[in-house]
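Structure record follows, encoded as structure tokens.
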Amino acid sequence: MNLRRRQFLELSAATAAVSMLGTKFARAASDPDTIRIGIAANGPRTSDPNYTTQGGDNWATEQMYEQLVRPDDGTFATTPDQYRPTLATEWSASPDAKTWTFKLRQGVQFHKGFGEMTSEDVVFSFKRAMADGTNKPILSNIADVVANGPYEVVITLKNSDVNLLGTSIFLNNTAIVSKKAVDQMGAEKFKTDAVGTGPYELTRFDTKWGTALKRHETYWGEKAKVAKVESVYIADTTARTLALLSGDVDMIEAVRAPGWVDSMLQRDSTLQFDMTSPGSFNTLHINLKRKPFDNIKVRQAIMYAIDRHAVAEAMKPMGGFTADLQPEFFPGGFKTEDLPPELQYNYDPEKAKTLLAEAGFPDGFDFESNVSQREDYASIMLIVQEQLRAVGMRMNLHIGDHTAYHADNQHDKNTLALHSSSYPPIPTQLYTQQLSTRAEVKPDGSGGINYSHYGVVIPGIDDLLAKALQATDYNAYVDYCKQIELQVLRDLPLIGMSTLSFTVARNARLDLGYKVKSGYARWRFHHATKKA
């Protein structure tokens with residue numbers, strides 16, 4: 001309740017900011033041919049889909065780029081047959097699921113006159129993503145990608161993957177870019193002047209404002225109904241909220257904080273809220289290279305000290321509880337009662353104190369940690385801070401800019417790093433990205449998002465992950481994933497804090513053209529219509 005009052009006090013105090021925003025945005029926002037979304041960050045980092053690390057940037061790349069296949073808008077594909085032809089018109093796999101052949105759509109034009117997409121662009125895009133893209137650990141199972149003529153591509157794998165469409169093809173990072181454009185511009189310029197095949201093309205990239213797109217007039221499919229899309233970056237919660245309420249933007253990344261949806265509906269009962277389920281996986285990385293977190297009793301104390309049900313409940317209607325890393329309705333997920341008793345970690349602060357004493361800290365200890373100012377991050381970590389304090393673990397929490405927070409995490413500068421990512425119902429993706437040795441964070445920023453150093457400081461789950469990825473039987477695949485979940489609960493390098501529906505608050509005058517049910521934290525606007 002205190003938080004809600006504070007939010008409204010901030011709203012009242014920001015009248016001047018509203019006026020300034022209104023002056024800046026109002027004319028275009030009333031234009032039925034412009035969709036404007038408010039992004040919860042300070043500025044775009046890249047428009048190159050192979051290298052995006054900031055979720056907000058993906059709202060623009062989602063409009064500009066396409067993969068070989070996609071699920072229906074607003075959903076995740078839960079089975080391979082639910083993927084739809086996109087830049088590929090048909091595909092087939094060998095019986096051992098190691099060789100995949102994709103026939104490409106002919107006549108697809110890149111933006112800005114860069115010509116027709118061919119197999120050369122597809123091969124280039126995949127090899128680029130495999131070499132140094134942000135999802136290269138996930139793509140490490142790909143042995144090679146070769147062209148078989150201008151309109152056919154063959155992907156060979158090191159190990160079988162019956163879920164290849166989900167694990168590797170429908171990724172932001174394997175969207176198809178123009179080889180010719182990269183060659184002409186150079187990789188650095190391409191990051192802010194990228195060229196894809198999607199229904200919108202980039203017209204402006206401004207690190208202090210955002211990105212602007214216009215309709216791709218030679219798009220191969222049905223042209224976008226609204227001519228322009230603008231992603232404006234408004235990190236300040238009050239300013240972003242007021243921009244929506246005043247009509248200066250059409251939609252915003254929601255404030256994923258306790259009570260926010262109810263408070264918004266009290267301000268404007270016509271607002272629409274689009275929510276994915278389960279949404280983001282909020283995971284808490286424990287840096288195993290920092291003492292005393294290398295001590296398993298300390299990590300167990302953290303698990304008993306944090307009331308994860310309370311965290312999920314505080315974030316309602318967006319929050320959801322997870323007994324382990326996966327939601328119980330995803331492959332590999334457990335219900336609490338199905339876990340061994342010693343791995344259920346039911347909230348028990350007295351047990352946490354006992355474990356700390358056994359670890360040599362009867363009076364607790366102090367430590368430093370960082371968190372993003374974004375409300376979902378800050379809200380969760382402030383709850384964690386209070387719960388840890390209650391058992392003697394005094395966390396001095398530094399709250400900072402969201403973009404800088406992720407940059408610091410990628411340079412191994414955090415102790416308890418909260419991370420939020422959307423994942424499809426393919427559990428190995430989270431393991432590969434956040435727990436595999438090859439994804440270990442590096443001080444120079446060249447590593448991945450295994451911020452715990454799991455598998456390096458202590459043995460991890462690489463062997464089990466390899467077995468899961470080699471499985472040709474789905475039940476065996478799920479069984480290996482469950483074994484990984486249990487191993488992580490025993491070692492505790494990573495804690496599943498909660499799921500959190502990615503939510504967008506939208507003015508009712510904007511109709512997306514489909515209902516958002518699940519999917520990544522971004523959705524396309526090509527079917528959207530807007531009333532003035």
Side-chain angles (χ1 to χ4, degrees), residues 49-50 65-73 75-110 116-131 133 135-179 196-198 220-221 331 423-429 432 466-478 480-481 519-520:
N50 289 153
Y65 294 95
E66 295 171 304
Q67 297 83 3
L68 298 181
V69 303
R70 294 180 60 89
D72 288 333
D73 289 326
T75 67
F76 268 138
T78 55
T79 57
D81 63 298
Q82 293 177 3
Y83 286 96
R84 307 296 179 230
T86 309
L87 295 182
T89 55
E90 57 184 288
W91 51 90
S92 60
S94 62
D96 63 359
K98 285 187 174 181
T99 302
W100 290 70
T101 302
F102 294 86
K103 293 188 181 300
L104 304 184
R105 187 178 301 280
Q106 299 185 28
V108 174
Q109 296 298 311
F110 280 112
E116 185 185 19
M117 177 208 69
T118 69
S119 54
E120 184 180 34
D121 300 293
V122 176
V123 171
F124 174 76
S125 299
F126 270 85
K127 290 195 170 182
R128 187 170 184 257
M130 291 159 57
N135 260 329
K136 61 181 181 182
I138 285 179
L139 302 177
S140 62
N141 189 39
I142 298 179
D144 203 2
V145 183
V146 298
N148 184 22
Y151 302 113
E152 185 171 289
V153 170
V154 179
I155 297 178
T156 54
L157 306 180
K158 300 171 186 172
N159 300 299
S160 304
D161 186 356
V162 295
N163 287 325
L164 182 74
L165 301 182
T167 60
S168 305
I169 305 301
F170 179 57
L171 290 178
N172 192 44
N173 303 109
T174 51
I176 307 306
V177 304
S178 166
K179 179 179 184 300
T197 63
W220 60 268
Y423 286 102
I426 299 171
T428 47
Q429 287 201 1
T432 302
K467 290 177 180 176
L469 291 172
Q470 293 172 28
T472 55
D473 176 80
Y474 186 73
N475 291 330
Y477 168 84
V478 173
Y480 284 124
C481 292
Y520 291 110

N/O donor-acceptor pair under 3.5 Å between S160 side chain and T472 backbone: no
Spell out, as yes or no, whether a donor-acceptor pair under 3.5 Å connects the side chain of S125 to the backbone of V177. yes
Contacts of type side-chain contact (heavy atoms from CB on, under 4.5 Å), residue T89, not counting sequence neighbours: K103, R105
Does either side chain, that of Y477 or that of T428, offer a donor lying less than 3.5 Å from an acceptor on the other one? yes
Do Y151 and E116 have side-chain N/O donor and acceptor atoms under 3.5 Å apart? yes
A side-chain contact here means heavy atoms from C-beta on lying under 4.5 Å apart; do L139 and L171 qualify? yes
Please examine the side chains of W220 and E66, heavy atoms only from C-beta on, and report whether any two atoms are closer than 4.5 Å. yes
Value for CG (D161) from OG1 (T167), rounded to nearest 0.5 Å, stands at 3.5 Å
Indicate the atoms forming the closest heavy-atom contact of F126 with T174, along with that distance. CE2-CG2, 3.7 Å
Applying side chain to side chain contact (heavy atoms under 4.5 Å, CB included) to R84 and D72, what does each step give before you reach the verdict? CA-CA 7 Å; R84 307 296 179 230; D72 288 333; 3.0 Å; yes
Crowded around E120 CD? As in, over 12 foreign heavy atoms under 6.0 Å? no
Verify the ring-centre separation between Y520 and F170: is it less than 6.0 angstrom? yes
